[in-house]
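The structure appears right after this line, and notes come after that.
Convention: sequence-line order gives letters A, B, ...; per-chain numbering from 1.
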Amino acid sequence: MTFLLRRALFYLVTLWAAITVNFLLPRLLPGDPVQAMITKLGGRLNSDAMASLYVLFGLDDNKSIWEQYVDYWGSLFRGDLGLSFTFFPTPVADVLAQSMPWTLGLVGVTTVIAFLLGTLLGVYAGWKRGSWMDNLIPVTTFLSSIPYFWLGLIAISLFSVTWPLFPASGGYAPGLVPEFSGEFIGSVLEHAVLPGVTIVVSSVAGWILGMRNMMVTVTAEDYVLVARAKGLTQKRIMFAYAARNAVLPSISGFALSLGFIVGGALLVEMVFSYPGLGYVLFQGIGGKDYPLMQGVFLVITLAVLVANLLADIGYLLLDPRTRKEG
Amino acid sequence: MSPVLEIRDLSVDYGTLRAVHNVTLTLNKGEVLGLAGESGSGKSTLAYAATRLLQPPGHVPSGEVFFKGKDLLSLSDKELQVLRWSEIAIVFQGAMNALNPVISVATQLDDVLRTHRPDVKRPARTARARELLGLVGIPADRLTAYPHQLSGGMRQRVMIAMALALEPEVVIMDEPTTALDVVVQRQILGQMMRLRETLGFSVIFITHDISLLVEFSDRIAIMYGGRVVEEAPAGEIYRAAKHPYSQGLLSSFPALRGPRRELKGIPGSPPDLRSMPSGCPFHPRCPSAMDVCGERMPSLESVEETRRVACWLEGVHV
Amino acid sequence: MNFKTKLGLGILAFFTLIAVIGEWIAPYDPSAMSDDLLSPPSGSHWFGTTMTGQDIFSQVLVGTRGVMVVGLVCGVLATFLSILVGVTAGFLGGAADEALSMLSNVFLVIPALPLIIIVASMLPSADTVLIAAVISLTAWAWGARILRAQTMSLRRRDFVEAARASGERTWRIIVFEVLPNLLAVIGSGFVGTVIFAVMLQITLSFVGVISLSTWNWGTILFWAQSNQALGLGAWWWFVPAGLCIALLGTALALINFGIDEYANPRLRKVRA
């Protein structure tokens, strides 16, 4: 259990760091964009909203930085992330709550699919080293070097413009009301195809390469030689002896690179105007909507940390060496 | 004495470099054949090549390995898989890594039984696994342990138990006790030899420690630079080794029993595959080297009924 | 050196050359408008033109420099930071190691892209060098992690122990005994950081948070996207820049394979 406790402590520290960075950024950087926004919005802000923006962005010069910090945490605990300028006067928390499920559905599912698929292909590529599978490496390297968003652009150009097979933007057909009906779900799936495939194709290559190299390294270990000498079937050796060991560093790598992958996936949402956090962030950039951008950052960080914790539990289940006895 | 495993004229290459040169060796039924030599002498390579466990770029350009009338080197993959472990089992060097760190001892033992005895039911297999651990003196409750929970000696015993699981005809032991301390080393080897008497398998025992071979084997073949340079009964090697390299090897280990002798090392270091000396590969380090030694390799000749030596000092070369 | 590594170095050398001479060999001013509006590739405009008649070939040539400069600056800065943190943590061990490892893991786990987007859009003037510095601040953690592990294994080797026993100063041991043995790892970390930085910079330009006044491949894509190049079927507007990014990324990855194979012989190609 100490392993999980240590990790949990680490995630708490990370979360604290992310929140503190969020607190400090608008106070450290020159200029006062939020003040400018507030002035522009003028009388449209009610006094409560004004107060929360003052707390979040440190516009209250009468308070010491420590008092501001305490107030900041207080707002966060109340779920008050301020008002969005772009979607005025919707609170940031509401905008995030609306877009979060879309991102979880699209980015979450495709990232897991890409990891599983890439790991499986990597296992084969590493096991069949020296065969035709080796020729896949340059191809996968090339694919992994393509920025996510550019692949998204190409996908739209080919499969929405040239051959209009799939919709190019949105999360569901305009005119439909989000509800639990066959028509709506079908539309959601149809809209998820292109962005989903884009994320899988551009992130799968990294997993293939990483897993292949781990397989090649592990295949030279004694226990794999022993397994061969034992006359076990190829399948048993490949999975229970080689892959079972090779996947462990791959899982740690998965956890650590989630932050990076999610960043790339958010861009895919921007390209496809998919109603998730990425698109919201994109709209926030255009309007210099700092409350919204910071909210997106916090929510994404939180999601990545939770995903990390899940990956840790997976690691714990797969590696007996991290389990303590009794 | 009937031969169980016959290696005939076997050569092994790593890429374009020859690691083992035309080795012929016979393992007789019930015998312990010791294979000695410094690291890089080709002793492990020989064993892996004979059992077709060599990894690329290693490959076998020529030779035969007969086991019960079949050439192992020309068996199909399927035939080979059936024969592995049930007939020829291997106790690997460095028990540290020979056991899969992420699956339990029980599963690793069971893997062998399940693959080779598919009709045996699970309870019977578990019973057999417990019995095997008992055989090597490990309490049956360690069955569910993972390798990292066992000591080095225990891991090596598990490895031996695993090797005996299918009652093989031949057990190859490759530096089985190198990482262990001297006391545990001898306990394990002693136990192994007692098991051999009751179960009746034959052993190829590979080690750089010739004093262990003198004690535990019947016959010893000494390898240098990928060749067998001397082969004789263990007692004869110990009493009167003929090849200067054998003599050097013997004098670099203290004997636990028998009369004391002066400890000397062999000057110089083992040859590198990439730059083998011409002629006899040992001649740059040999105290009795002659001109001919640097020019031609002496062949392995019978000098006595039970002894073969490859050295120009022996007068049988014409 | 194998073919893959040579190919990688070749492509990298090509782009470096373009980065230096791009501005001189560009046939047009990349920002100059002309009457050839949105024309497909032709003899006079190899990569076609934009909505306002700008020559895309010239934009790609001129934009190479910005990409390479950010890659290089970030590579150097982040590698320096990763050596500083990673080697110190690995060499000192104990509480210092715990703290520094925690720091690098925090930087690794926090999603860099949204954070940088916020920082970049808050900066009053987001020019190339400033962006490079910001990217470097998020890019060092991975290298530091790997260097720490390598340093820890080196620290216990004989020659380091010997240097310590003979009373060498810590910084001398680190610079003369430890660092030379880490060169392969540092090299591959450097190349990895360059890939990361190039991707991030292009992404930031594409999103539109950094200055559009200087050309780079991301800026080209930004204009293509914001002018609906996709809907207009103007594939030539976004294909060349994207291919350049992918090619450069592939080249750097190939170089890294070479370094990996050098450092880990198990990965070398087997001759059957």
Side-chain angles (χ1 to χ4, degrees), chain A residues 2-3 119 123 125-134 211-212 214-252 312-326, chain B residues 44 47-48 51-57 75 77-105 107-118 144-149 155 158-159 162-163 165-166 168 171-172 174-175:
Chain A
T2 29
F3 170 74
T119 303
V123 166
W127 189 249
K128 297 274 175 210
R129 179 166 74 135
S131 73
W132 62 272
M133 289 282 276
D134 281 5
M211 192 62 190
R212 175 190 177 270
M214 274 321 298
M215 276 297 279
V216 168
T217 308
V218 164
T219 309
E221 293 287 348
D222 285 348
Y223 47 77
V224 176
L225 183 68
V226 173
R228 285 172 58 215
K230 285 191 334 196
L232 303 183
T233 56
Q234 289 290 311
K235 211 176 94 189
R236 181 78 186 155
I237 305 173
M238 177 164 83
F239 287 111
Y241 286 74
R244 188 73 168 61
N245 280 284
V247 79
L248 292 175
S250 201
I251 291 178
S252 332
D312 282 342
I313 293 172
Y315 194 96
L316 197 68
L317 294 176
L318 284 174
D319 189 352
R321 285 163 296 187
T322 51
R323 290 200 289 262
K324 271 272 166 62
E325 283 208 299
Chain B
S44 295
Y48 292 146
T51 47
R52 277 177 59 181
L53 287 171
L54 214 56
Q55 298 272 38
L75 288 184
D77 286 348
K78 191 72 207 151
E79 289 170 314
L80 188 70
Q81 193 203 325
V82 171
L83 181 138
R84 276 182 169 158
W85 219 256
S86 60
E87 301 279 17
I88 303 177
I90 305 180
V91 176
F92 283 88
Q93 89 187 34
M96 287 292 287
N97 251 335
L99 294 174
N100 185 344
V102 296
I103 60 182
S104 68
V105 167
T107 313
Q108 297 189 51
L109 275 169
D110 194 56
D111 261 347
V112 171
L113 299 169
R114 206 171 34 153
T115 309
H116 291 276
R117 308 274 185 270
T144 52
Y146 287 91
H148 72 280
Q149 296 166 324
R155 283 199 287 261
V158 168
M159 202 56 227
M162 203 181 316
L166 306 171
V171 176
I172 297 174
D174 183 11
E175 304 273 10

Checklist entry - Under the 3.5 angstrom rule, does the side chain of A:K230 hit a backbone N or O of B:Q108 as a donor-acceptor pair? => result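 A pair under 3.5 Å: yes.
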Item to check | Expected output: side-chain A:S250 to main-chain A:A246 donor-acceptor under 3.5 Å | outcome: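 Such a contact is absent between A:S250 side chain and A:A246 backbone.
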Checklist entry - Any idea which of B:A163, B:P101, B:A89 has the most non-hydrogen atom pairs under 4.5 angstrom with chain A? => result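 Highest number of heavy-atom pairs under 4.5 Å: B:P101.
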Checklist entry - Under a 4.5 Å heavy-atom cutoff, which of A:T233, A:L248, A:L225, A:T219 has the most pairs with chain B? => result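 Counting heavy-atom pairs under 4.5 Å, the top option is A:L225.
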Checklist entry - Which bit of A:R228 is near chain B, if near means a heavy-atom gap under 4.5 Å: side chain, backbone, both or neither? => result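 Both parts, heavy atoms under 4.5 Å.
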Next on the checklist: Is B:R114 close to chain A through its backbone or its side chain, or both, or neither, when contacts mean heavy atoms under 4.5 Å?
Outcome noted: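 The side chain, not the backbone.
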Next on the checklist: Under 4.5 Å from any heavy atom of chain A, what part of B:L53 do you find: side chain, backbone, both or neither?
Outcome noted: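 Contact with chain A: backbone and side chain both.
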What's the separation between atom [atom1] in [X] and atom [atom2] in [Y], rounded to the nearest 0.5 Å?
X: A:I251; Y: A:M211; atom1: CD1; atom2: CE; value: 8.5 Å
X: B:I103; Y: B:D111; atom1: CD1; atom2: CG; value: 5.5 Å
X: A:E221; Y: A:N245; atom1: CD; atom2: CG; value: 7.5 Å

